[in-house]
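Written below as structure tokens is the structure these notes are about.
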Amino acid sequence: MTTVEAVRGMRDLMPPEQERKLVIQAKCLALLAQNGYAPLDLPLLEYRDLYLRKLGEELVGKVYEFTFEGRNLALRPEWTASVLRAYVAQLQDQPLPLRLSYCGPVFRYERPQRSTYRQFTQLGVELIGGPAPRADAEVISLACAGLEAMGVKDYSLTVGHLGLMRQIIAQAGLTERTRGLLVRSLERMRTQKVRMGDLLQAQMQMDPSELPFEPDLLRGLDDAQATTMLLRLAQEIGVNLSYGTRSPEAIVDRLLRKLRATDQTVALTKAAELLTELSQIQGLPREALPQVTTLLQDLGVETPALREFEALLDLLTAHGVSEERIVVDFGLARGLHYYTGMIFEIYDSHAMQLCGGGRYDDLITALGGRKATPAVGFAYGLERVLAAGAGEEETAGRSKEVAVAAVTEADYPYAVEVAKWLRGEGFRVTCDVRGRNVAGNIRDAVKRDIPYLVVIGEAEVANRTLVWRNLATREEQSLGFHDVVALATVSKLQSETALKDNH
RNA sequence: GUGCCCGUAGCUCAAUCGGUAGAGCGCCUGACUGUGGAUCAGGAGGUCGUGGGUUCAAUCCCCAUCGGGCACCCCA
């Protein structure tokens with residue numbers, strides 16, 4: 001027999017772990033519900049178009065996509081786009097703010113590693129119509145509270161602010177595309193210690209001799225005129241732009257940016273230098289904030305985003321998020337391109353990312369919403385939360401497990417009746433189906449770490465009693481039904497510790 | 001997407017410098033039909049991840065592929 005393996009990056013969740021996952025999932029959703037977040041569920045299959053514009057090149061390349069019956073489809077790589085799509089389609093008549101929660105699988109074609117799978121579960125929220133800074137603080141503190149509810153004790157929170165960066169870039173008078181490039185390069189700047197200006201020069205500049213014609217031709221034309229001209233030109237020369245993943249318009253647009261890059265070089269370099277400085281700032285709020293303030297003052301840059309950020313940090317304290325576990329990081333960028341304001345990530349004690357989120361005030365309009373609506377949200381990677389040790393203390397169920405053994409075939413019906421009654425009393429009960437003798441049942445129950453065995457024989461059937469055996473202490477007593485519940489409750493803690501000592 | 005490491009029974013691992021494989025644990029059965037969580041005996045389970053190449057001969061050497069892991073990149 002040849003076996004069929006699981007598809008790469010996919011993972012089987014076996015009983016002990018799956019139970020933990022369900023438990024933490026329930027706990028977290030319950031906490032979110034207490035905070036007014038209503039659960040919704042959405043299809044994991046979407047039109048590919050939903051992800052094309054705003055997701056970011058990095059993540060778009062990781063989307064599972066295919067055509068089926070002439071439709072271009074995709075497995076969702078994240079929830080936010082779907083939730084907002086559904087909001088635009090169904091919930092725009094609801095009073096704002098709207099607090100929504102979700103939980104379900106997403107797919108990303110990435111190289112698998114420990115706790116990194118191609119299918120994983122995102123559990124998260126969207127707060128639609130909630131402006132900064134209050135909604136930001138609510139959502140961040142909720143992300144922390146959720147982790148604690150799931151049993152993750154050690155974690156750290158990193159907070160950045162893309163809006164701040166965007167405002168600075170905007171003041172440099174750059175095109176939207178160049179701004180995007182700057183934002184995307186933020187994190188790389190910091191980690192690789194490259195001057196942002198150097199990188200951009202390399203990327204944006206083109207040797208004029210390699211150009212097919214004089215860039216000066218485009219001067220005085222606006223973008224639309226220039227694009228039309230370039231498209232016509234391509235046609236004249238006989239260049240076919242219709243293959244590959246990009247549309248002819250996109251290709252021309254890109255070319256246009258390159259041709260005009262020199263116009264922007266000066267402004268670009270200035271903005272890049274400032275951003276490089278900013279992205280280096282990282283540390284506890286009380287250390288990082290003064291640095292940012294001085295830097296911006298020195299350069300005479302005015303930005304409301306900084307005051308908003310300060311307000312956010314104050315509110316986090318009000319929500320009970322310990323300042324000691326907050327790292328302010330202006331180099332934090334995140335791969336999703338729709339963020340417009342605060343962004344944050346949460347890591348466990350081994351620096352594994354458990355959670356990510358941020359503010360995306362433009363996304364609802366981008367997806368066709370009737371009017372601009374601020375929104376903020378986050379999502380956990382549930383398998384990672386699980387790997388961080390969540391739910392490990394949820395072994396309470398074990399102490400309520402009981403195995404029931406019938407001595408002979410004739411005793412089995414009564415054994416089934418006893419099992420049913422015990423279940424009604426809240427025990428987790430199995431009844432032997434293999435017809436093992438009592439010794440075999442004892443052996444089996446011990447191997448499974450089941451704390452109690454009930455033996456049903458001729459005498460028990462006759463007296464309508466049961467034999468209650470504590471497998472940890474090997475004590476055994478004949479009991480009527482009414483004795484059992486009280487006994488089990490009292491002996492629960494003792495037997496648990498006894499079992500642990502035995503192992 | 002880049003660079004590495006790994007793949008023998010359900011699990012943990014041996015062995016064969018190229019001659020088609022073993023142990024422990026686990027599982028099943030029996031000794032043993034109301035109490036050996038023990039002990040003993042027996043049994044099942046492998047086309048050595050898969051496919052191709054080299055060879056008289058491949059689990060071993062080569063290539064590809066699939067799966068696992070690590071460091072980047074990125075994210076949850």
Side-chain angles (χ1 to χ4, degrees), chain A residues 1-12 14 55-63 76-80 103-124 143 147 184 187-188 191-192 332-337 343-348 351-358 377-388 403 405-411 415 432 434-451 453-461 466-476 478 499 502-503:
Chain A
M1 260 306 257
T2 56
T3 55
V4 179
E5 292 174 310
V7 175
R8 183 155 160 92
M10 304 293 149
R11 188 167 167 246
D12 302 324
M14 300 324 269
L55 207 53
E57 283 160 39
E58 199 72 44
L59 193 46
V60 164
K62 292 176 176 173
V63 174
R76 67 176 169 222
E78 55 112 34
W79 274 82
T80 300
C103 179
V106 299
F107 298 82
R108 291 181 193 176
Y109 191 76
E110 288 183 279
R111 197 76 166 264
Q113 294 211 65
R114 185 199 308 284
S115 302
T116 300
Y117 308 103
R118 288 176 174 174
Q119 177 187 339
F120 60 98
T121 310
Q122 280 195 333
L123 190 163
L147 275 186
R184 258 165 274 159
E187 193 136 23
R188 208 166 306 147
T191 51
Q192 296 177 7
L332 189 65
R334 297 186 54 74
L336 276 58
H337 291 176
I343 50 178
F344 75 102
E345 296 178 343
I346 299 179
Y347 305 87
D348 79 344
M352 174 171 63
Q353 192 186 329
L354 304 178
C355 173
F378 74 86
Y380 305 108
L382 215 54
E383 287 79 1
R384 287 192 177 175
V385 175
L386 213 53
V407 174
T408 69
E409 205 59 41
D411 307 324
D432 175 38
R434 298 191 63 129
R436 281 192 258 243
N437 58 28
V438 174
N441 272 296
I442 291 173
R443 213 175 311 172
D444 185 68
V446 167
K447 275 176 192 153
R448 294 175 196 270
D449 272 342
I450 293 174
L453 178 71
V454 166
V455 181
I456 301 296
E458 207 181 338
E460 286 71 35
V461 174
L466 54 83
V467 169
W468 182 266
R469 183 182 179 97
N470 183 326
L471 291 168
T473 62
R474 306 190 181 207
E475 284 165 0
E476 198 172 273
S478 180
L499 265 178
N502 272 1
H503 286 71

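Naming: A, B, ... by sequence-line order, numbering from 1 per chain. Note that the structure is a prediction, hence the values are computed from the model and not measured.
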*For A:Thr121, enumerate each residue passing the side-chain hydrogen bond (donor to acceptor under 3.5 Å, both in side chains) test, keeping only those at least two apart in sequence or located in another chain.*
A:Lys21, A:Glu383

*Could you tell me whether the side chain of A:Arg118 and the main chain of A:Pro112 form a donor-acceptor pair under 3.5 Å?*
no

*Just how far, in rounded Å, is C1' of B:C74 from OH of A:Tyr117?*
17 Å

*With respect to the side chain of A:Gln113, which nucleotide from B:G69, B:A71, B:U35 is positioned closest?*
B:A71

_Spacing of the C1' atoms in B:U50 and B:G46 (rounded, Å)_ = 15 Å

_A:Leu471 CG to B:G34 P, straight-line distance once rounded to whole Å_ = 18 Å

*asked:* Between P on B:C66 and CE on A:Met10, what's the gap in Å once rounded to a whole number?
replied: 14 Å

*Only counting residues at least two apart or in another chain, list the ones meeting salt bridge (Lys or Arg N to Asp or Glu O under 4.0 Å) with A:Glu460.*
none

*Mind checking the C1' distance from B:U55 to B:G68? Whole angstroms is fine.*
31 Å

_I'd like to know if A:Gln119 reaches the base of B:A76 with its side chain such that a donor and an acceptor end up less than 3.5 angstrom apart._
no

*Across the strands shown, which category fits A:Gly9 at heavy-atom distances under 4.0 angstrom: base, sugar-phosphate, nothing?*
sugar-phosphate

*asked:* If you go through the side-chain atoms of A:Arg11, does one of them form a donor-acceptor pair with the base of B:G68 closer than 3.5 Å?
replied: no

*B:G51 and B:C28: how far apart are their P atoms, nearest whole angstrom?*
32 Å

*5'-most by nearest nucleotide on RNA chain B - A:Val7 or A:Asn437*: A:Asn437

Report all interatomic pairs (protein N or O, nucleotide N or O of nucleotides 26-30 of chain B) with separations under 3.5 Å.
| from | atom 1 | to | atom 2 | distance (Å) |
| --- | --- | --- | --- | --- |
| B:C27 | OP1 | A:Lys447 | NZ | 3.3 |
| B:C27 | OP2 | A:Lys447 | NZ | 3.2 |
| B:C28 | O3' | A:Arg434 | NH2 | 3.4 |

*Quote, to the nearest angstrom, the P distance that separates B:A15 from B:G22.*
14 Å

*What interatomic distance, in whole Å, is found between C1' of B:U12 and the corresponding atom of B:G52?*
32 Å

*Find the distance A:Met352:CE to B:C74:C1' and express it as a whole number of Å.*
16 Å

*Classify the nucleic acid contact of A:Glu476 as base, sugar-phosphate or nothing, counting any heavy atom under 4.0 Å across all strands shown.*
base

*side-chain hydrogen bond (donor to acceptor under 3.5 Å, both in side chains) partners of A:Glu5, counting only residues at least two apart*: none

*Quick one: closest heavy-atom pair of A:Gly377 and A:Phe344, and the distance?*
O-CE2, 4.3 Å

*What pairs with A:Val407 under side chain to side chain contact (heavy atoms under 4.5 Å, CB included), at least two apart in sequence or on another chain?*
A:Asp411, A:Val438, A:Val455

_Is there aromatic stacking of A:Tyr380 on B:A76 here, judged by a ring-centre distance under 5.5 Å and a plane angle under 30°?_
no

*Contacts of A:Phe378 that satisfy ring pair (Phe, Tyr, Trp, His ring centres under 6.0 Å) - sequence neighbours left out*: A:Tyr380

*Hey, is the side chain of A:Arg108 poking within less than 4.0 Å of OP1 or OP2 on B:C74, counting only N and O atoms?*
no

*Residues which pass salt bridge (Lys or Arg N to Asp or Glu O under 4.0 Å) with A:Arg76, listed by chain and number, not counting sequence neighbours*: none

*With heavy atoms under 4.0 Å as the rule, sort A:Glu460 into base, sugar-phosphate or nothing.*
base

*At under 4.0 Å between heavy atoms, what does A:Arg469 touch on the DNA or RNA strands: base, sugar-phosphate, or nothing?*
base

*Atom CG of A:Leu147 to atom C1' of B:A76: distance rounded to whole Å?*
12 Å

*asked:* Does a side-chain N or O of A:Gln353 approach OP1 or OP2 of B:A76 to a distance below 4.0 Å, or not?
replied: yes

*Taking atom C1' in both B:C48 and B:U59, what distance in whole Å separates the two?*
4 Å

*Options B:G37, B:U35, B:C74, nucleotide nearest the side-chain atoms of A:Glu110*: B:C74

*If the P atom of B:G53 is compared with that of B:G69, how far apart are they to the nearest Å?*
32 Å

*Taking only residues two or more places apart in sequence, or in another chain, which ones meet A:Arg443 in a salt bridge (Lys or Arg N to Asp or Glu O under 4.0 Å)?*
none

*Report yes or no: does A:Arg469 contribute a side-chain atom to a donor-acceptor pair with the main-chain N or O of A:Glu476 at less than 3.5 Å?*
no

Produce the list of close N/O pairs, under 3.5 Å, pairing protein atoms with atoms of nucleotides 5-8 of chain B; give distances to one decimal.
none

*Residue-phosphate contact under 4.0 Å: A:Arg8 side-chain N/O, B:G68 OP1/OP2*: yes

*Considering only atom P, compute the distance from B:C66 to B:C56 and round it to an integer number of Å.*
31 Å

*asked:* To check you understand the geometry: which heavy-atom pair defines the closest contact between A:Trp79 and A:Gly104, and what is its length?
replied: NE1-O, 3.3 Å

*Do you know which two heavy atoms are closest between A:Pro105 and A:Phe107, and how far apart they sit?*
CB-CE1, 4.4 Å

*Could you check how far CZ of A:Arg114 sits from C1' of B:G68, rounded to whole Å?*
11 Å

*Interatomic distance, A:Ile442 CD1 vs B:U33 P [rounded to whole Å]*: 15 Å

*asked:* Once you apply a heavy-atom cut-off of 4.0 Å, does A:Leu354 come out as touching a base, just sugar-phosphate, or nothing?
replied: sugar-phosphate

*Treat a base pair as Watson-Crick or G-U wobble with both distances under 3.5 Å, then lay out RNA chain B in dot-bracket form, 5' to 3', with | for cross-strand pairs.*
(((((((..((((.....[..)))).(((((.......))))).....(((((..]....))))))))))))....

*If you look at every strand shown and take non-hydrogen atoms under 4.0 Å, does A:Ala6 touch a base, only sugar-phosphate, or nothing?*
sugar-phosphate

*salt bridge (Lys or Arg N to Asp or Glu O under 4.0 Å) partners of A:Arg448, counting only residues at least two apart*: A:Asp444

*Could you pick out which residue, A:Gly356 or A:Val407, lies toward the 5' side of RNA chain B when each is mapped onto its nearest nucleotide?*
A:Val407

*Calculate the interatomic distance between A:Arg118 atom CZ and B:A76 atom P; express it in whole Å.*
17 Å

*Residues in side chain to side chain contact (heavy atoms under 4.5 Å, CB included) with A:Ala415, at least two apart?*
A:Val404, A:Ala406, A:Cys431, A:Ile456

*Any chance you could measure A:Arg111, atom CZ, to A:Thr116, atom OG1, to the nearest 0.5 Å?*
12.5 Å

*May I ask you to say what A:Thr116 touches in the nucleic acid, namely base, sugar-phosphate or nothing, with a heavy-atom cut-off under 4.0 Å?*
base

*Of the nucleotides B:G37, B:U2, B:G34, which one has an atom closest to the side chain of A:Arg111?*
B:U2

*asked:* Within the 4.0 Å heavy-atom criterion, would you say A:Gln122 contacts the bases, only the backbone, or no part of the nucleic acid?
replied: sugar-phosphate

